[in-house]
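Beneath this line is the structure, given in structure tokens, with notes to follow.
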Amino acid sequence: MAFLEINDVHKIYGQTVVVDTFNLQIEQGEFVSFLGPSGCGKTTTLRMVAGFIVPTSGSIVINAVDVTRMPPNRRNVGMVFQSYALFPNMTVAANVGFGLKVAGQPARAIKQRVAEMLEIIHMTEYATRYPYQLSGGQQQRVALARALAIQPQVLLLDEPLSALDAKIRISLRQEIRTIQRQLNITTIYVTHDQEEALSLSDRIVVMNQGRIEQIGTPFAIYNRPRTRFVASFVGTLNVLTAEVVDAATGRIMIDGQEIHVNGILPDHPDPSLAIALRPEVISLNGVYGQTANHMQGTVEDVTFLGPVVRTRVRFDQHTIHLDSFNTPQLVPPRNGDSVTVSFPPEACLVLSDTPGAEV
Amino acid sequence: MAFLEINDVHKIYGQTVVVDTFNLQIEQGEFVSFLGPSGCGKTTTLRMVAGFIVPTSGSIVINAVDVTRMPPNRRNVGMVFQSYALFPNMTVAANVGFGLKVAGQPARAIKQRVAEMLEIIHMTEYATRYPYQLSGGQQQRVALARALAIQPQVLLLDEPLSALDAKIRISLRQEIRTIQRQLNITTIYVTHDQEEALSLSDRIVVMNQGRIEQIGTPFAIYNRPRTRFVASFVGTLNVLTAEVVDAATGRIMIDGQEIHVNGILPDHPDPSLAIALRPEVISLNGVYGQTANHMQGTVEDVTFLGPVVRTRVRFDQHTIHLDSFNTPQLVPPRNGDSVTVSFPPEACLVLSDTPGAEV
Amino acid sequence: MAPAASENDMRHINFWSWLWIIIGAIYFFVPLIATLLFSLQAKRDELGFTAYSNVLSSPAFFNSFSFSFWTAVTTISISALLIVPTAYWVHLRLPRLRPVIDFITLLPFVVPAVVLVFGLIRTYNRTPLTDSRQGLYVLLVGSYVMLSIPYMYRAIDTGLRAIDVRALTEAAQSLGADWFTIMTRVIFPNVYIALLSGAFITFAIVMGEFTIAFLLAQPAFGPYISLLSSSKVYEPSALAIISFGLTWASIGVVQWISHSFSGQSQITGPR
Amino acid sequence: MAPAASENDMRHINFWSWLWIIIGAIYFFVPLIATLLFSLQAKRDELGFTAYSNVLSSPAFFNSFSFSFWTAVTTISISALLIVPTAYWVHLRLPRLRPVIDFITLLPFVVPAVVLVFGLIRTYNRTPLTDSRQGLYVLLVGSYVMLSIPYMYRAIDTGLRAIDVRALTEAAQSLGADWFTIMTRVIFPNVYIALLSGAFITFAIVMGEFTIAFLLAQPAFGPYISLLSSSKVYEPSALAIISFGLTWASIGVVQWISHSFSGQSQITGPR
């Protein structure tokens, strides 16, 4: 039995199904992200685990105790909010110690635990400051320490980095991951930022319109998306419409140029299908060799993005984007150049439109 | 004489120098971005061009007219705000036509121009909607059309995409660039997002603490940063402390391993210097061949970011991050692996700490 | 978005709901019904509208009512013309002073009406302001404008908070608008509904005000109610019911006006 | 951030600044100074504090003042206990109803005090509420609580707007706090300063209120002022100045309290 189980949970408001048949098992110490666009039900699910919302049906079990209808203040679950939610009338130390004081712990024990937590977030010297005297990043670290001070069974984070600047977001992201591993605490992290989910998680739950689209490791979610939604939400994607030439050997035709894909194609009545390609797997300089697919096209636009140079190439009907690293060796093409792009057959994803169906 | 000139502009509030000796010439039709962290003076400078703030000293000349002290409503400058700033009591059409109505143009001419502008932003069918009925991206497109409807001499955009979601941000960014080129309008774009500035601009002005750090094309700013601030603000950076072995031939020593850099090193009294390396120029699989620099290290951490896999490698004292594209060929290293990293000599930036000084 | 907070403590919600429904009923309806019943008993042993027809047929009722009505309209117009630009300017240029200004606008509560009028009369004694009917009327409207400031300022302040005053102003400026255009086409239309709610309260206060009108010897509705109360038995109750009805009718008018600005009521509505 | 808007039209700023300084001076200081000077003229041809010593040495002054003082304190306590949880609950669970509740809290302006008292007396006629001194006192406090609702609710509402009520509540809940702990340790300390400003206005209103106290025949400060006004010449002015001084003294106390919560005043301050 898993440490945290979400069994067949639904949440319905009036006519609107906000969360639909949510099933998930999380192991002790695991870091799981809920990833999806706004309104996909990820926050609602997190809030059901926290106890702020009661599911319409289904159950939530933490450490073998059914908590589905237990009020939030008895669940021993730590929560970190996007808005930090520090108590403005208390110092940093009082904020961190609040949960222990409520639990009636002796002053000396509280003091010691608060000092420990401030040590972990490297903010010992800020103990007597008030929240308004701190930067956003510091406030969120205090909020994290406050949630962890009560030694919760589960740590829940609701878009904790959305209100912060890009540079601080990346450094705090690493800090959260380090602390989570250090304390080995079971964690659920809600975000709409794919890079956060990919870089932090042991597993990712991709959600859309109240349903789970896919559960998997970051690598599996990115490289083997099971639905078109997952493929397009996580990362940039070129989608091309191809005609099947020979389903058995994986030969297909795009804009009159024949390529091959790995594996056996679905023997569809409709002979056209959608193929997805990530911009970073497509090469301009032929590194993939003779066994790869090659296509002829014309450069339409070259955009410099810093570490990456993005080139838009036009075939007859389609355009694709491809990414190259900005290295000293790179000779960016010019608009109007005729180029050959190449990509390995195994990089072609054959897309399915049915949610839950294999791609 | 340039179309828009900002000559020796200062802005001082009390003791605080917000903008210090700002000089810039912008040509007709050019797209220039002001890039920098919050509080660097970029918005203040933009607002001086718009006329909302009067410089403490210096002058602003648009199309050979000194506008330094001209009120904003006589400058004929279009402005787009982060908060959209659409008039909530007016329809989309009335918003777009407001400037023309204020200018006393006949109703028929206004109607025609509004229709044209809605065509350009692909929102013809939304003419009778009110702002609260539109999404953020749609509102910002209307704000853009409203600013362009008066055929301004200069278009000013103040972080127009900051309030939008990541996916919409990228598509609207492309739309802004397309419209700007189509109308060939002189544009200043304020942002703290390096990717926006790099992908949109003809030239970028990097600012810090009220001063210009560097002016240049996106390629020059990214690949030839002139100060340490520019190098670290624009993109991710590994900074390594090296000892000079032989300044004349560019041989230096990092953690006991000798490498060489291009060009002649400064003949410093202090024999140590700072070297910067971008994560994307460092290779794990030796593509750069024998002439490149090679260093031995140990893999400490591998983070999956989606299109890119980031590896942290430790030498004796330093750690570096390096990026590899997530292609089917990639075999990501494991923690603890001994690896050889390689990078070409021309990828090493020798950093200077003096703002304005050459690196 | 998800709904508000925990759903565990429905008992708390019910407790407070019922408490307030009961308090509301006792406060508004019990006295109102008692007054209504009493006003219908002018003829012994039967219910009827005798008291009402007595009140409505009296010319003093009509005169004092229309006097106060036009005074209220004048007060509201002056107050709006003073306060809309001021509140706009505070939002635009002095946003940090807002708490201070909020506090200053509360001062009319602190200085009692009696002090105000005694002070005014003594100050302007033997000037045209106290020696002529027009002068006293000016003093009356001036006092009412002062009384209306807290309500009008707060209503307009709320309306201005609902929009981004500075960005809208700058957008209009960059499109070529001058200050007059900005006020009339951008600011005023967006605070109009909020302004109405302040105007409505001011209207209710002016219609019922007694002390100042009495001390300045003005033929207003407040002193008329008071006079009637001391000389008749059932008519004052009828009058109270009539005022109450008129007040609610004016609420209805406000609602109707705000519905005819349907697009806008969405914006200045819930925040 | 950059400073507010355009700096071109300094003349506009100056115009409005001066207008308001002049209006403020006429409104507050001219009547006040006139009243002060008059109150000092009790002895012919010389200025002195005779009127003041007459007022302060009168036992009726002390009795009515302390009666109203304790009534105000009771009113404020009851009002705060009713409204803080209600406003908190509206913020937490019914944020969409806030405009409606805002409107309802204005209703005490709409129902005139006279109607209220007449209704109350008639409703509770020949019950213990009107036949005993205690009963009438309960009616008095009840009416004052109703009058205080708009001010108290709005002040507390402003205080609650300055914090993220829902996130703070949920954070406290997830740390194990029950409703009582949340109210006393999180909500109350954060609206305390806002609550004081509402309490201060309520205090000023109760101290000066005449109509209800008079109709319920209560020995309050308002009727005492009125009685003095009709029977003496200089003493009423002295009394007005004394009340004014006391009011400002209580403002001073509020300021002092809010400074001793220095961290917090930063938060509930400018928004």
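Throughout, a chain's letter reflects where its sequence line sits, starting with A, and its residues are numbered from 1. From a predicted model like this one, the values you see are computed outputs, not experimental measurements.
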Side chain, backbone, both or neither: which part of [X] has an atom under 4.5 Å from a heavy atom of chain B?
X	answer
S199(A)	both
S324(A)	backbone
V308(A)	side chain
T217(A)	neither
N223(A)	side chain
P218(A)	both

Exercise for the section: Look at the rings of F304(B) and Y222(A) and say which category their plane angle falls in: under 30° parallel, 30 to 60° tilted, over 60° perpendicular. Expected result: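 Plane angle over 60°, so perpendicular.
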
Practice task
Decide side-chain contact (heavy atoms from CB on, under 4.5 Å) for T249(B) and H260(B); before the verdict, give the C-alpha distance in whole Å, the side-chain angles of both, and the deciding distance to 0.1 Å.
Solution key: CA-CA 8 Å; T249(B) 58; H260(B) 54 286; over 6 Å; no

Exercise for the section: With a 4.5 angstrom heavy-atom cut-off, could you sort out which part of S232(B) is near chain A: side chain, backbone, both or neither? Expected result: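 S232(B) touches chain A through backbone heavy atoms alone.
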
Practice task
Measure P307(B) against the heavy atoms of chain A and call it side chain, backbone, both or neither at under 4.5 Å.
Solution key: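 Contact with chain A involves both backbone and side-chain atoms of P307(B).
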
Handout entry: E159(B) and H192(B): CA distance, side-chain angles, deciding distance, side-chain contact (heavy atoms from CB on, under 4.5 Å) verdict
Key = CA-CA 8 Å; E159(B) 309 224 6; H192(B) 62 94; 2.8 Å; yes

Handout entry: Largest heavy-atom contact set with chain B, pairs under 4.5 Å, which of V281(A), D323(A), L305(A)
Key =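 Result: the option with the highest number of such pairs is L305(A).
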
Handout entry: Pick from F325(A), F343(A), F219(A) with the largest number of heavy-atom pairs that fall under 4.5 Å of chain B
Key =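 Option with the top pair count is F325(A).
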
Exercise for the section: Could you please spell out the steps behind the side-chain contact (heavy atoms from CB on, under 4.5 Å) verdict for E30(B) and T187(B)? Expected result: CA-CA 6 Å; E30(B) 206 180 359; T187(B) 303; over 6 Å; no

Exercise for the section: Applying salt bridge (Lys or Arg N to Asp or Glu O under 4.0 Å), run through R173(A) and E196(A) and close with a yes or a no. Expected result: CA-CA 7 Å; R173(A) 180 170 97 192; E196(A) 267 175 32; 5.9 Å; no

Exercise for the section: Return the option, out of T327(B), T303(B), N326(B), with the maximum number of heavy-atom pairs under 4.5 Å with chain A. Expected result: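 Heavy-atom pairs under 4.5 Å are most numerous for N326(B).
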
Handout entry: Winner by heavy-atom pair count (cut-off under 4.5 Å) against chain A, out of E195(B), E346(B), E280(B)
Key =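 Looking at each option in turn, the highest pair count goes to E280(B).
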
Problem - With V32(B), the side-chain contact (heavy atoms from CB on, under 4.5 Å) member among V205(B), I215(B), I204(B) - result: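 Between V32(B) and the candidates, side-chain contact (heavy atoms from CB on, under 4.5 Å) is satisfied uniquely by V205(B).
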
Practice task
Identify which one of T236(A), V302(A), D301(A) satisfies the side-chain contact (heavy atoms from CB on, under 4.5 Å) criterion when paired with R310(A).
Solution key: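 Testing each of T236(A), V302(A), D301(A) against R310(A), the sole residue satisfying side-chain contact (heavy atoms from CB on, under 4.5 Å) is T236(A).
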
Exercise for the section: Scan side-chain atoms only and decide if R177(A) and Q180(A) contain a donor-acceptor pair under the 3.5 Å cut-off. Expected result: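 A donor-acceptor contact under 3.5 Å links the two side chains.
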
